[in-house]
Amino acid sequence: MKVFLTLKLMIIVVCLVLVSGIVLGEGSLSGKWEGAIVVDGQELGITIHFKGDVDDLRASIDIPLQGVKNYSLQNIKMEGKKIYMELPSQVTGKFSGKLQGEQITGEYNQGMASGDFYLQKKVNQGVAKEEQSEKELTVEEVSLEVDDGVLYGTLQLPADEYLLESKKHPVVLIIAGSGPTDRNGNSIISGENNSLKMLAEGLAEGGIASLRYDKRMIAESSGINTSELKLRFNDFINDAVGWINKLQQDKRFSDVYVIGHSQGSLIGMVAVRQSNADGFISIAGPGNNIAQILERQLSSSLSGELKQESFRILNSLKSGETVADVNPKLNSLFRPAIQPFLISYMKYDPSIEIGKLSVPVLIIQGTRDLQVSIEDAQRLKEANNTAELVIIEGMNHVLKEVSADPAENIAAYSKSDLPLVDDLVKVINEFIK
């Protein structure tokens, strides 16, 4: 049991790392492999998805019991018949096995613990395969080369009734929020809610195309080898500008809008100005600088010497100076490797950046959001008095309709079958058109 508690901790930490190696036999690994890790007679189900060929092999892992979906493995290397994959982390796990026909079996090791694992290749058949092909007709898997790697995304096209060659359509770039949140709005921490995927599909039904992508170091874009120490907030902005430029060059589309959700709101408003995009939509976007947000959170959650220490570090970062000596209890927030990123993040104030925009702006905020308040939205509106502000009753941070019950609100973060709040897509559609 202790082994699996450790494994669960490995999966949910933000800086998760999974290291795996398997022996590759003849034939293609591309496809879906289902199986389990077996330790002390207990099984933990896993699924590994392989994509590409020998020269460009990619893989991701699902752990359904822990709400992990499409978490990418990276640095995949082939040496003879062996394949090696890794992700940097504080905790590592290793799979070493052999391919026998349509099955991979071998040993699993995590620290001092060890066990077995097995994977069986899953083959799509009959109707399921036809349904998959039919669904893929409405989307295009796209990529963007950046200085230090490749970003991956999904271009959601309008419904068939809108696909006329003689007519161009507006397109929206959707930027996800902070942390390990993928293009669909899902996170290895909070679970699978498919909020951004649903948003893209809803817009497509009304004739608006969209592109959503995995930010660098997240999900399928985790292959970008930017270390935590080298990461800067400007990297996210530059990536968004690159996607906007790609859409501007696509002759199928007319105007290019940007939707930024949560932290993606700040990224989006800066990228819009730098790229001359045609409009901006903020959904659940904070209205204060990250330093102010941290001050408020630390004031309410810490006390005594630890609180004083946190403010000492925060004040140093605000002045642009890193701090080498950090109390281990504050490492999750202020570890030395993340401090340069925080300094770069603190240089941007949403209420200042949104005021620089001269394009149409829509600010959307839900009344049930536990992370961002209506006051944040009002602050953004005050900074850009030409912006349109829409408050959606009952909408929480992941764009779902919930009651005032906090437990229901949190549960919605991991409910992929719960639809978006009714008015959201309608409001965005009307604003763009």
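Model, not experiment: these values are computed from the prediction. Any value given below was found using the heavy atoms of this structure, including those in side chains, with hydrogens, waters and symmetry copies removed.
With a 4.5 Å cut-off on side-chain heavy atoms, K433 and I208 count as touching. In this structure, the side chains of I46 and L119 come closer than 4.5 Å at one or more pairs of heavy atoms. Between L314 and M346, some side-chain heavy-atom pair lies under the 4.5 Å cut-off. Contact check for E192 versus K197: no side-chain heavy atoms found under the 4.5 Å cut-off. Annotation: side chain of I189 is in contact with side chain of P180 (closest heavy-atom distance under 4.5 Å). In this structure the side chain of V272 never reaches within 4.5 angstrom of the side chain of M269, judged on heavy atoms. Contact of the L302 side chain with the F311 side chain is not registered, since no non-hydrogen atoms from C-beta on lie closer than 4.5 Å. In this structure, the side chains of D214 and L151 stay at 4.5 Å or more apart for every pair of heavy atoms.
Distance alone, capped at 3.5 Å, places no donor-acceptor pair between the K415 side chain and the K400 backbone. Between the Q339 side chain and the F334 main chain, a donor and an acceptor come within less than 3.5 Å of each other. Under the 3.5 Å distance criterion, the side-chain polar atoms of N245 are left unmatched by any main-chain donor or acceptor of G242. At distances below 3.5 Å, at least one donor-acceptor pair connects side-chain atoms of R379 with backbone N or O atoms of G287. In this structure, S316 contributes its side chain and E321 its backbone to a donor-acceptor pair below 3.5 Å. Using modelled atom types, one side-chain atom of D376 and one backbone atom of S373 make a donor-acceptor pair closer than 3.5 Å. Proximity of a side-chain donor or acceptor of K381 to a complementary backbone N or O of A387 within less than 3.5 Å is detected.
A salt bridge does not link E408 to R368: none of the charged side-chain nitrogens sits closer than 4.0 Å to a carboxylate oxygen. Residues R216 and D148 are paired through a salt bridge, judged by an N-O separation under 4.0 Å between the basic side chain and the carboxylate. Electrostatic pairing of R312 and E309 counts as a salt bridge here, judged by a charged N lying under 4.0 Å from a carboxylate O.
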**Q.** Verdict with reasoning, L333 to L294, per side-chain contact (heavy atoms from CB on, under 4.5 Å)
**A.** CA-CA 10 Å; L333 182 59; L294 291 175; 3.9 Å; yes

Q) After noting the C-alpha distance and the side-chain angles of V171 and D250, does the key distance pass the side-chain contact (heavy atoms from CB on, under 4.5 Å) rule? A) CA-CA 10 Å; V171 63; D250 194 320; over 6 Å; no

Q | Check against side-chain contact (heavy atoms from CB on, under 4.5 Å), F431 and V390 | A | CA-CA 11 Å; F431 174 75; V390 176; over 6 Å; no

**Q.** Trace of the side-chain contact (heavy atoms from CB on, under 4.5 Å) decision for L144 with D239
**A.** CA-CA 9 Å; L144 176 71; D239 292 343; 5.6 Å; no

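More than 12 non-hydrogen atoms from other residues, nucleotides or ligands lie less than 6.0 angstrom from CG of D405.
Closest approach of V256 to Q248, counting heavy atoms only: CG2-CG, 3.8 Å. What you find for A412 and N193 is that their closest heavy atoms are O-CB, 3.8 Å. Closest of all the heavy-atom pairs between P336 and V323 is CG-O, 4.3 Å. G153 and W243 get closest at one heavy-atom pair: N-CH2, 4.1 Å. Contact detail for Y257 and F280: the closest heavy-atom pair is CD2-N, 4.3 Å. Here the shortest heavy-atom pairing between N429 and G206 reads ND2-CA, 3.6 Å.
Put simply, CG on D349 and CD on Q292 are 6.0 Å apart, with the number rounded to the nearest 0.5 Å. For the atom pair CG (N288) and CD (E295), the distance works out to 10.0 Å, reported to the nearest 0.5 Å. If you take CG on L389 and CD on Q378, they are separated by 7.0 Å, rounding to the nearest 0.5 Å. The CZ atom of R212 lies 12.0 Å from the CD1 atom of I259; values are rounded to the nearest 0.5 Å. Atom CD of E220 sits about 11.0 Å away from atom NE2 of H49, to the nearest 0.5 Å. The OG1 atom of T322 lies 8.0 Å from the CG atom of L317; values are rounded to the nearest 0.5 Å.
Side chains of E141 and T154: a donor-acceptor N/O pair is present below 3.5 angstrom, by distance only.
Aromatic ring pairs are classed by plane angle as parallel below 30°, tilted from 30° to 60° and perpendicular above 60°; the pair H397 and Y413 is parallel. Ring planes of F233 and F236: perpendicular class, angle over 60° (limits at 30 and 60°).
Checked against I281 for a side-chain contact (heavy atoms from CB on, under 4.5 Å), the options I432, V258, I174, V427 give a single hit: I432. Considering L418, L424, V425 as possible partners of L399, the one that fulfils the side-chain contact (heavy atoms from CB on, under 4.5 Å) test is L424. Residue L199 forms a side-chain contact (heavy atoms from CB on, under 4.5 Å) with just one option from N194, V172, N184, I283, and that option is I283.
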Expected list for residues 357-367: side-chain donor-acceptor pairs under 3.5 angstrom, two or more places apart:
residue, atom, partner, partner atom, Å
Q365, NE2, D369, OD2, 3.2
Q365, NE2, V372, O, 3.0
T367, OG1, G394, N, 2.7

